[in-house]
Amino acid sequence: MTTPAPKKLYIKTWGCQMNEYDSRRMADVLAPLGYKPVEEADDADMVILNTCHIREKATDKVFSDLGRIRDNKMEKAARGEKMIVAVAGCVAQAEGEFIAKRAPYVDMVFGPQTYHLLPEMVVKATGQRVINTEFATENKFDTLPAESGNTGPAAHLSIQEGCDKFCTFCVVPYTRGAEFSRPLAAIIEEAKRMAGGGTKDITLLGQNVNAWHGENGETLGDLLYALHDIDGIAQLRYMTSHPRDMHDRLYDAHRDLPKVMPYVHLPIQSGSDAILKAMNRKHTAADYMEIITRLKKGRPDIAFSSDFIVGFPGESDSHFEETMALVGQVEFASSFSFKYSARPGTPAASMQGLVRDEVASERLARLQELLRKQAQDFNSACVGKTMDVVFSGTGSKDGQLYARTPYNQAIHVEAPARLFGQLARVEVTGAHANALTGRVATAETVLAA
Ligand code: SAH
Ligand code: SF4
Ligand code: F3S
């Protein structure tokens, strides 16, 4: 008996790291059906576009890609071959019916909470179209197969999903559904499996990762203490955190646990209390500064990054100046900043006080200039320092390996290939806007995790 040729699976991913995690898991779910990931859509047997709905631009990209995929599908059909086209993720969740109408060549539309049902959907889709944007009653994490064998030296582990916070600008509570935490034991088991497969650097993922809670009232700090004991794990990170979910134990973890990296991605969005209130963030700029001060007290070398939105409805020049002042005070290691984009169905979309596009663009340019300078200063200050890193990829040049520093900077290090997957001490030799360069400090410094 000959085994059938593998079917080619092309997945394109937009948006946040939750989506990247989901894409990887979709491939795991489809593997038993004979699907193998490929790099090109042209000749694929199945194409999945895993989409993001966070801003208008993100959504537009999906439709422009779909046009190209339709051509690929037609070329295949002319050769008598079939291509299953699927739209997944947050655009699928928010605009499923619209996609189905506008793009009749799409065979499957499914949201972020139903992809564990892919095998059934695929069988159906060979005969008819499938639209599945329910919030499944069962939990996808209970149904998904174990992570496929080797997750690599640095990997993500999804521990929490969804959001109940309803910031007035944001689609996530609608596309991802209610907040949900995976049980502590399941996370520990998965982390041990990953460590057994050689993963040394784990980033815990969640839409509001510090809203994670265990069945017995444990919080993210407790989880970090538990993970810290696993042999083989050298570095622990987590993202994205919300200023409202900072529990005592998380401060303790940063103070006490050397494997917890001294870096927190903690979006504030705006430095103005009036705007924060209109955003329904339920924290003030002073609350944010208190968090920063307390984290620094336990771990003086800790660094921060944030997300910002400029041009939120009602944002005046002076509100914006408050954001600039806060940025000046904190000095971020890196940051993401965006122009406000009205999202259909969110409360902010019907608010008064729209900010003119030129004004918003000007503010964004000023903010980004300041953030860029802070990132450059932070990177420059790292030159000459030694840091422990896990080599997880090849560098940008021959003879280099790639890693993330404890502060989440990309670093390209002159290092022999045999150090791939190892934890090593490196010296930072150069700083650029988006990355560092370095060399292995000494050959003997390969560390046991
Ligand atoms: N859960 C995280 C981040 C979610 S989305 C948090 O609460 O911080 C990632 C970022 O996209 C947000 O932090 C915000 O800065 C940005 N964003 C979300 N909705 C947006 C919108 N309507 N317009 C512009 N930026 C937006
Ligand atoms: Fe969106 Fe706010 Fe929830 Fe973050 S906390 S996902 S910004 S609603
Ligand atoms: Fe985008 Fe959905 Fe993530 S809207 S940012 S892919 S949760």
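We count ligands from 1, going down the list as the structure has it; atoms in each ligand are counted the same way. These numbers were taken from a predicted model, which means no experiment stands behind them. Index from 1, following the sequence.
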Numbered atoms and elements of ligand 2 in range of [X], under 4.0 angstrom, heavy atoms:
X      : result
Lys165 : 5 (S)
Asn208 : 3 (Fe), 5 (S)
Cys163 : 3 (Fe), 5 (S), 6 (S), 8 (S)
Phe169 : 7 (S)
Phe166 : 8 (S)
His242 : 5 (S)
Pro173 : 8 (S)

What protein heavy atom sits nearest [atom], and how far off is it?
atom                    : answer
atom 1 (Fe) of ligand 2 : Cys170 SG, 2.3 Å
atom 16 (C) of ligand 1 : Arg55 NH1, 3.3 Å
atom 4 (S) of ligand 3  : His53 N, 3.2 Å
atom 15 (O) of ligand 1 : Gln269 OE1, 2.7 Å
atom 7 (O) of ligand 1  : Arg281 NH1, 3.4 Å

From CA spacing to verdict: side-chain contact (heavy atoms from CB on, under 4.5 Å), Ser335, Phe308:
CA-CA 8 Å; Ser335 281; Phe308 298 91; 3.6 Å; yes
Charged N to carboxylate O below 4.0 Å: is that the case for [X] and [Y]?
X      : Y      : answer
Glu190 : Arg182 : yes
Lys73  : Asp71  : no
Arg363 : Glu315 : yes
Lys296 : Asp301 : no

Heteroatom proximity flag, [X] to ligand 1, N/O under 3.5 Å:
X      : answer
Arg343 : no
Gln207 : yes
Thr240 : no
Ser241 : no

Numbered atoms of ligand 1 (with element) below 4.0 Å of [X], judged on heavy atoms:
X      : result
Asp307 : 9 (C), 10 (C), 12 (C), 13 (O), 15 (O)
Ile54  : 5 (S), 11 (O), 17 (N), 18 (C), 19 (N), 20 (C), 21 (C), 22 (N)
Phe338 : 11 (O), 15 (O), 16 (C), 25 (N)

Check Phe169 against ligand 1 and report side chain, backbone, both or neither, counting heavy atoms closer than 4.0 Å.
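Both parts.
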Logged contact type for Ile309 with ligand 1, heavy-atom cut-off 4.0 Å, is side chain
Do [X] and [Y] meet the cation-pi criteria used here (NZ or CZ under 6.0 Å from the six-membered ring centre, within 45° of the axis)?
X      : Y      : value
Arg237 : Tyr263 : no
Arg55  : Phe338 : yes
Arg102 : Phe63  : yes

List every atom of ligand 3 that sits less than 4.0 Å from any heavy atom of [X], numbering the atoms from 1 in the order shown and giving each element.
X      : value
Gln207 : 7 (S)
Cys90  : 2 (Fe), 4 (S), 6 (S), 7 (S)
Cys52  : 1 (Fe), 4 (S), 5 (S), 6 (S)
Asn19  : 6 (S)

Which one of [options] satisfies the side chain to side chain contact (heavy atoms under 4.5 Å, CB included) criterion with [X]?
X      : options                   : value
Met46  : Lys8, Met83, Met108, Lys7 : Met108
Gln207 : Val172, Thr175, Thr240    : Val172
Trp14  : Asn50, Ile54, Asp65       : Asp65

Closest to atom 8 (O) of ligand 1 (heavy atoms only, candidates Ala348, Gly15, Pro267) is Pro267
Look at atom 23 (N) of ligand 1 and find which of Gly311, Ala349, Ser341 reaches it with the closest heavy atom.
Ser341
Under 3.5 Å, is there a donor-acceptor pair linking the side chains of Tyr238 and Thr203?
no
Does any donor atom in the side chain of Asp287 or Thr284 lie under 3.5 Å from an acceptor atom in the other side chain?
yes
Relative to ligand 3, is Met18 under 4.0 angstrom through side chain, backbone, both or neither, heavy atoms considered?
neither
Is any N, O or S atom of Cys167 under 2.8 Å away from atom 2 (Fe) of ligand 2?
yes
Less than 4.0 Å is my threshold; does some heavy atom of Lys339 fall inside it relative to ligand 1?
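Yes, Lys339 has a heavy atom closer than 4.0 Å to ligand 1.
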Taking a cutoff of less than 4.0 Å between a non-hydrogen atom of the residue and any ligand atom, is His265 in contact with ligand 1?
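His265 does not count as a contact of ligand 1 under the 4.0 Å cut-off.
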Is the distance between the ring centroids of Phe312 and Tyr340 less than 6.0 Å?
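Ring centroids of Phe312 and Tyr340 are less than 6.0 Å from each other.
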Aromatic ring proximity Tyr174/Phe166, centre distance under 6.0 Å
yes
Are there over 12 heavy-atom neighbours, none belonging to Gln376, within less than 6.0 Å of that residue's CD?
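More than 12 heavy atoms, drawn from other residues, nucleotides or ligands, come within 6.0 Å of this atom.
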Between ligand 2 and Arg281, can you find any atom pair, the residue atom being a heavy atom, that is separated by under 4.0 Å?
yes
